[in-house]
Q: 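Next up is a structure, given as C-alpha cells.
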2 protein chains.
Amino acid sequence: MPKLWDETMDAHRRAVQDAVMETTVALVGEHGLASVTMSQIAKEAGIGRATLYKYFPDVQSILITWHQRHVTAHLGRLSQARDHADRPVARLEAVLRGYAHITYKRPQDGEVAAFVHRDQHVIEAQQQLHQLVREVIAEAAEAGAVRDDVSPGELADYCLHALSAAGGLSSEAAVHRLVDVTLSGLRPSRAEDRTASHH
Amino acid sequence: MPKLWDETMDAHRRAVQDAVMETTVALVGEHGLASVTMSQIAKEAGIGRATLYKYFPDVQSILITWHQRHVTAHLGRLSQARDHADRPVARLEAVLRGYAHITYKRPQDGEVAAFVHRDQHVIEAQQQLHQLVREVIAEAAEAGAVRDDVSPGELADYCLHALSAAGGLSSEAAVHRLVDVTLSGLRPSRAEDRTASHH
C-alpha cells in the first residue's frame with residue numbers, strides 16, 4: 001500500500017478513537033460508569049458497534065486509553081518546557097510551573113478520575129514525573145541554585161506534593177504564587193536561617 | 001448515684017468502646033469491611049451482642065467513631081504543641097513538625113482508611129487543621145518571620161500539601177528535612193531572589 005494511504009488511514013483511526021474517547025468520558029461523567037454500554041457509545045459517536053469493538057474491548061479500556069494519552073501529552077509538554085529553557089534554574093522553574101498548571105486545570109474528582117487513577121499506567125507516569133523533576137533539581141543543585149543539604153529525590157517529593165495544592169486553587173495568579181513559594185523552599189539555605197532553625 | 005460510680009462507669013464504657021474499636025479495625029484490616037459482622041466483633045471483643053448494640057448500631061459507625069477519636073486527638077496534640085511554644089515562629093514550627101509526624105505515622109491506604117476518609121467528619125477536621133495552620137502562619141507573618149506577599153490561607157494550603165509528602169518517607173530524619181524545606185518556602189523573600197525569580 002502507498003505510504004499516503006497508510007498515513008491517512010492512521011489519521012482516520014486516530015480521529016475515530018478520539019471521538020469514541022471524548023464521547024465515553026462525557027457519557028460516563030453524566031450517567032456513571034456502571035450504566036454506560038458499548039452500544040450507547042457507538043451510537044453517540046456515530047459508528048457501528050462492530051467498528052467500536054475493533055478499537056476497544058470495553059468501556060474501561062476506552063477510559064484508560066483516553067487517560068494514558070493525556071498523561072503522555074502532559075509528560076511531553078513538561079519535557080519540552082524543560083528543553084526550551086537554557087539555565088538549570090530556568091529549566092527547573094519551567095518544569096514546576098508546567099506541572100502546577102496541569103494540576104490546576106485537571107478535574108480533581110468524579111468517577112472517571114477515580115477509576116483511571118487506580119490503573120498501573122498512572123503509577124508509571126508518576127515515576128516518570130518524579131524522575132523528570134528530580135533530574136532538573138539535581139542539575140540546578142549542581143549549578144548552586146538549589147540547596148544540597150537534602151537529596152534531589154526528597155526535594156522532588158516535596159515539590160510534587162506542594163504543587164498538588166494547585167488543584168484546589170481558584171486563579172492562575174494563585175498558582176503562580178504557589179510555584180514561587182515552592183521554589184523558595186528549594187533555595188540554598190542562608191547562614192542566619194540555619195541558626196534560627198536549629199536554635 | 002454517687003459521683004465516683006459515674007466516673008468508674010464512664011471509664012468502663014470507654015474501655016469497652018476502645019476494645020470494640022481496636023477489635024473492629026483489626027478484623028476489617030484482615031478480612032475486609034464486607035465480611036465482618038457485629039457478632040464476630042462481639043465475640044472477639046469478649047462482650048455480648050446486645051451490649052455491643054448498646055454502643056454502636058453497625059460496623060461502619062464503629063470505624064467512624066474510632067477515626068473521629070484519632071482525628072480529635074491529633075488536632076488536640078497540634079494545639080498543645082502550638083501552646084507550648086512561645087515565639088510565633090516557634091509556634092508555627094511546632095505545628096508543622098507535629099502535623100508532619102502525624103502524617104508520617106498514619107497508615108496511608110487500606111480499606112479502613114478509604115472508608116473513614118469519605119466521612120463528613122474528615123472534611124470538618126481538615127477545615128479545623130487548615131484554620132490552625134493559617135492562624136500560626138498569620139501570627140508569624142505579623143512578627144515578620146513569614147513572607148507577607150502571599151496570604152496565610154494560601155500558605156497554609158502549600159504547607160499541608162507539601163507536608164503530606166511525609167506519608168511516603170522512610171525515616172524521621174527525612175520528615176525533619178521535609179519540614180525544614182517547607183519552612184524555608186515560608187520565609188520572607190530576599191531582594192536577590194525577587195530579582196532572580198522575576199527575571
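The sequence lines fix the lettering, A, B, ..., with proteins before strands; numbering per chain opens at 1.
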Q: Shorter than 4.5 Å, heavy atoms on both sides: which option in B/Leu186, B/Val150, B/Val89 has the most such pairs with chain A?
A: B/Val150
Q: Which atoms of A/Leu160 come close to chain B, meaning under 4.5 Å heavy atom to heavy atom: side chain ones, backbone ones, both, or neither?
A: neither
Q: Any ion pair linking A/Asp180 and A/Arg177 (charged N to carboxylate O, less than 4.0 Å)?
A: no
Q: Under 4.5 Å between any side-chain heavy atoms of B/Leu178 and A/Asp157, yes or no?
A: no
Q: Tell me, for A/Leu155 versus chain B, whether the close heavy atoms (under 4.5 Å) come from the side chain, the backbone, both or neither.
A: side chain
Q: Would you be so kind as to tabulate the donor-acceptor pairs closer than 3.5 Å made by side chains of residues 46-59 of chain B, with sequence neighbours excluded?
A:
from	atom 1	to	atom 2	distance (Å)
B/Arg49	NE	B/Ser39	OG	2.9
B/Asp58	OD1	B/Ser61	N	2.9
B/Asp58	OD1	B/Ser61	OG	3.0

Q: For A/Glu154 and A/Ser151, indicate whether the former's side chain and the latter's backbone hold a donor-acceptor pair under 3.5 Å.
A: no
Q: Report which part of B/Leu169 has an atom under 4.5 Å of a heavy atom belonging to chain A: side chain, backbone, both, or neither.
A: side chain
